[in-house]
Amino acid sequence: MHNINLENVELLITDSLQAVGLKEEEAKICAKNIAFADQQGTDTHGIMRLPIYIERLKNGLFNSKPNTQWVRENETSAVLDGDNGMGHYSAQLAMEKAIKKAEEKGIGITTLYNGNHIGAGACYTKMAAEKGMIGFLTTNAGPLMAPTGGTERLLGNNPICYAVPRREKDPIVLDIANSIVAGGKLQLASSKSEEIPLGWALDKEGKPTTDPDRGLEGVLLPIGGHKGYGLTLMMDILAGVLSGASYSKNIPHLDEEGKTGVGCTMIAFKIENFMELEHFYDRLDDFTSLIVDSKKAPGFERILLPGEIESETKDKRLQEGTQISDSLRQELVTMLDDLQLQTDKYGL
Ligand SMILES: NC(=O)c1ccc[n+]([C@@H]2O[C@H](COP(=O)([O-])OP(=O)(O)OC[C@H]3O[C@@H](n4cnc5c(N)ncnc54)[C@H](O)[C@@H]3O)[C@@H](O)[C@H]2O)c1
């Protein structure tokens, strides 16, 4: 493993994206949003994905000079055409717009089509929470799951993400894929030559497997059986069908040919629509203390709120940096050489 500090992670990503044609401002926004995942410990969605983004930008599968534009808008909603640019940029614009509308009208709902992979959903919903609003986001992804009773890969593990602000504390953030684990966890296990637990995936013959590569060829299992299938279907209706984006098996994976055409739906709403913010914070403090102070099950010292693990990881990693595997380091070194960027500059 190799340690790298988070400022270097962000700088490396910014420089690499600019080297393949992104404008400085867009590269910086994408770098901040990609490094967000490394910062909070969502390693499957951070710098690990940079080589494939760069590859796609170089070969034109992502547009490095997108004409991102709002194509439909009213007081509380708007639709963004991402023009196949980096998802981390268009998703930022979509959440900023939802927040602005919520500031003015109490609620903002935006959709995005012609988007791409946005990384960790929490990055965007936390923007709403930082403004004292509740944020929601869903996005769709290349198919990895079969509907209950089916065998074909037809549904992405479309994440569901909520962020709820708290008084003087980090927000409560639930950011989950609809598969038992995100596909990135299989990729990470594969890159480290590790097995995966039984129950994460089936191979292409429909048999349970501990081999991440066989799982990646087969299907991921949804959370909670038909309930997870139902949730992921609904998220594809919001992020794909409603937004005008691609959906289901029409979304290629990042390592496949073709434009992904990914979509998103984002919502920001003001708590003051319902009650005074301070009153909400009082009630939320009371509610969360009922949860975290409750009796622990054997083997558990703490009950966590969603988002706490990531919040604690962020505090640690901002001090200590993050660890990347030797194989990822080598991949990044090769990528930087190819882009004619100096490896030493980033502490690799
Ligand atoms: N962009 C995409 O297409 C895409 C697709 C799938 C997943 N993702 C991202 O992948 C990331 C990981 O998803 P995942 O489903 O593997 O995450 P996960 O299974 O690690 O769950 C993460 C969530 O569960 C909470 N959590 C974990 N343990 C907890 C505990 N003991 N008590 C309370 N809460 C707890 C975390 O705070 C977090 O909100 C997310 O950021 C998601 O947005 C993105």
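Note that the coordinates shown come from a computational prediction; the quantities given were computed from them, not determined experimentally. Just the heavy atoms: all of them, side chains too, but no hydrogens, waters or symmetry mates, feed the values below. Just so you know, ligand 1 is whichever comes first in the structure, and atom 1 is the first atom listed for that ligand.
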Does a donor on one side chain and an acceptor on the other come within less than 3.5 Å for N140 and D236? yes
Quick one: do the D83 and N67 side chains pair a donor with an acceptor below 3.5 Å? no
Can [X] be said to touch ligand 1, with heavy atoms closer than 4.0 Å?
X    : answer
A122 : no
T44  : no
C161 : no

Return the residue, atom name and 0.1 Å-rounded distance of the protein heavy atom closest to [atom].
atom                    : answer
atom 33 (C) of ligand 1 : L304 O, 3.6 Å
atom 9 (C) of ligand 1  : H45 NE2, 3.4 Å
atom 34 (N) of ligand 1 : P306 CA, 3.5 Å
atom 24 (O) of ligand 1 : I176 CG2, 4.0 Å
atom 28 (N) of ligand 1 : I309 CD1, 3.4 Å
atom 1 (N) of ligand 1  : G119 O, 3.1 Å

Could you tabulate the donor-acceptor pairs under 3.5 Å formed by side-chain atoms of residues 192-202, not counting sequence neighbours?
none

Salt bridge (charged side-chain N to carboxylate O under 4.0 Å, His left out) partners of D211, counting only residues at least two apart: none
Show the atoms of ligand 1 that are less than 4.0 angstrom away from any heavy atom in [X].
X    : result
A141 : 3 (O)
K185 : 16 (O), 18 (P), 19 (O), 20 (O)
G121 : 41 (O), 43 (O)
L174 : 39 (O)
N157 : 5 (C), 6 (C)

Between T42 and ligand 1, does any nitrogen or oxygen pair lie at a separation below 3.5 Å? no
Is there a nitrogen or oxygen of I180 sitting under 3.5 Å from a nitrogen or oxygen of ligand 1? no
Carboxylate-amine/guanidinium contact K100 E96, below 4.0 Å: no
